[in-house]
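Structure, as C-alpha cells:
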Amino acid sequence: MADITARVTMPTSARKGEIIDIKVLVRHAMDRAVDAQGLKPSPRRIIHSFRASYAGEEIFRMDLSSGIASNPFISFTTVATETGVIAFEWLEDGGAVYSRAATLVVT
Amino acid sequence: MRAGAALLACCWAATAFAGEVRAPRAFLSPELQALQDDPARHPGWLWVEQGEALWRAAPPDPGKQTCAGCHGDITGMSGVAARYPSVASDGALLNLELRIERCRTEQQGASAFGDESEALLSLTAAIAARSRGQPVNVRIDGPAAARLAEGRRLYSLRQGQLNLSCQQCHEENVGKRLRGDIISHGVGTGYPAYRLEWNGLGSLHRRLRACSLGVRAVQAPFASPDYLALELFLADKARGLAVEAPGIRR
Amino acid sequence: MADKAPTRRMVAAGLAAMPFAVQAQPMPSSAAEVNRSRSSESYADAERALLAGRTPIAAGITLDVPKLSENGNSVDVLIKVDSAMTREDHVRAIHILSEQNPFPRVATFNLTARAGRAEVATRIRLATTQNIVVLAETSRGAVHRAEQEVIVILGACVDGG
C-alpha cells in the first residue's frame, strides 16, 4: 500500500500522570467531491477518520469531513499512564489506512 | 499605466516603511508568524520530512549513490541555501532547485525531478530548512556580476498591461494593501513557501509567475534566465536577512 | 468497592448519567451522501440531530478562532472545554459545525477521560464569512454550546502560478 507523509510531534518521555500534547500533520489534498453540472464528476477523497491508541486502547478518534483543510492538522492530549506505544491511524476514502507509531517512556 | 495607478490607488492603506529592507516575516499577521515558527503545526514541514526521506532514498539506478551517500547527513547542508543562487564551475547560474537537478541527472544518472515537482520541492525545502535563521550571503562578483545587473534591470522594468515594475510595488508601495495582501519588500528568503492559497508548497519562481500575472505580463517559465537573474538580485537585496524557508504565506 | 452500597456521589452520578441514552447521530457517511458537492442535511438539521432534544448550555467552552481569517482555505480552530475529565464526568464528543459551508458537520472529536484535558485543535475550510458553532457533549449527557463569527477575507489575488 502506498505510504503517506506524516509528522507526529509529542514528547518521548513524561512523568506518570502528566498530560502530554500530541500534534499530528499528514500530507493529503482532502479532495471534495465534484458533482456540479458540466464538470467531470469525481468522488470525495479525504482522510475521513483519525484514531490514536495507547498501549492498545483507543484514546482519541476524530471524524473529518471535506470541511477540514488540506494537509490535516490535529492536536489532542492524553495522560501518561505507562510506558507504551502510541499508534496513529489515518483512514482514507477508498479503504486505505496509513499508520505511524511512537513510544512514550513513562517515569 | 492608468490601470496600474488605479489598482494601487484603490488599495492604499498602511504607511510605507522607509529605508531598510525588512524581513518578509515582519509583514505576516501574528497568527502566520506563530505558524511559521512552529514546526509541529507548519504544514510546510511535511515537505521537509519527505525531502529528508528522498535524501536517503536509492536512485533508480542501483549502481548510483543516494544524496546522503555522497554528501553525508543532511545536516551538512547547513548554510548552503544562504549562498544560492550561485554560479557553477561551467558558468551557469544555478538556484538551489537547479543545483539539485544537476546532481540528480549528472551524479545519479536519473531523469530530472521536474520543475515544481513534489520531489524537487521537498528536497529544496529540506535543504533550505537547514539554513533557517542564517543570513543570506550570495556571491555577486566575477561571473555573477553580469547576471546581477540583468536582474536589477528587470526589477525596474515596467511590465504587462498594468505597466508596473517590481520596484513600484516592492519599494515604492511597501506596507500598502493590495487585494488583501500587505506589499512586502518582495524578497525570496521564505521560499519554497507553503501558501494557504496554493494549499501546498511552491517555489519562488511560482510566486514570481503570480506577480507577473498580477500585472498582466507574460509569465516566464520556471528556471528561466529572467527569473534566475531576478532571484539573484532579490538575494543580494536580502543580504543579511535570515533564511525563513519553508515560509508560510497567505 | 463494587460490592459496597452505592455512595451518595455515585447515585448522583448514576442519575445524571441517565440522559446518556440520548445519542447524538453520527456524521452521515453513505457513499451517496459524501459524493455530493453539498450535503442534503442543512445546518439547522445537523445541530438538531446532535442536540437530540437537549437544551445546550451557553457556557463552558473556550472557542479560539481568528475573528478575521486571511484565507478560508485554512482557519485555525482551538477548542477548550471546562471539564475535570474524570471517568464519571468528562467530555466525550466535541463537534464543529458551520452555518454556511456545503457540509454543516465539519468535524467530531471523540474523547475519553484519558485525555486529561478537553482540549483539541485543527484547521478548517470556510467558504465565506459565517458563524462557527461548537457543541461539546459530556458523559453525563449535557451539551455545551459556543459560537463565533469569522470574517473571511477571500483571497481575490489573481494567481496563475
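Order of the sequence lines sets the chain letters (A, B, ...), proteins ahead of strands, with each chain counted from 1.
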Is it true that the side chains of A:H28 and A:E92 contain a donor and an acceptor less than 3.5 Å apart?
yes

Heavy-atom proximity to chain B below 4.5 Å, by part of A:V8:
neither

Is a donor on one side and an acceptor on the other found under 3.5 Å between the side chain of B:S203 and the backbone of B:P192?
no

State, with a plain yes or no, whether a side-chain heavy atom of A:V34 is found less than 4.5 Å away from one of A:P41.
no

Partners meeting side-chain contact (heavy atoms from CB on, under 4.5 Å) with A:E58 (sequence neighbours left out)
A:R51, A:R61

Does anything in residues 41-73 of chain B reach chain A? List residues with heavy atoms under 4.5 Å apart, or say none.
B:R41, B:H42, B:P43, B:W45, B:L46, B:W47, B:E49, B:Q50

Hey, are the side chains of B:Y227 and B:F222 touching, using non-hydrogen atoms and a 4.5 Å cut-off?
no

With only heavy atoms counted, which part of A:A29 is less than 4.5 Å from chain B, the side chain, the backbone, both or neither?
neither

Sub-4.5 Å heavy-atom contacts with chain A: which residues of residues 124-138 of chain B show up?
none

Is a side-chain N or O of B:E101 found less than 3.5 angstrom from the main chain of B:F113, in a donor-acceptor match?
yes

Could you check whether any side-chain heavy atom of B:R22 comes within less than 4.5 Å of a side-chain heavy atom of B:S184, counting everything from C-beta outward?
no

Considering only NZ, NE, NH1 and NH2 on the basic side and carboxylate oxygens on the acidic side, decide whether A:R27 and B:E118 come within less than 4.0 Å.
yes

For B:F27 and B:H185, take the angle between the two ring planes, folded into 0 to 90°, and tell me which bin it lands in: parallel under 30, tilted 30 to 60, perpendicular over 60.
perpendicular

With chain B as the partner chain, list the residues of residues 67-82 of chain A whose heavy atoms fall under 4.5 Å from it, by residue number, and write 'none' if nothing qualifies.
A:S70, A:N71, A:F73

Considering only heavy atoms from C-beta outward, does the side chain of B:E97 approach that of B:H205 to under 4.5 Å?
no

If you define the side chain from C-beta out and look only at heavy atoms, does anything of B:P24 sit under 4.5 Å from B:R249?
yes

Donor-acceptor contact present, side-chain A:S53 to main-chain A:G56, <3.5 Å:
no

Using a strict threshold of under 4.0 Å (side-chain N to carboxylate O), is an ion pair present between A:R44 and A:D35?
no

With chain B, which of A:D21, A:L25, A:V24, A:V26 has the greatest number of heavy-atom pairs at distances under 4.5 Å?
A:L25

Within a strict 4.5 Å, meaning less than it, do heavy atoms of the B:D37 and B:R25 side chains meet?
yes

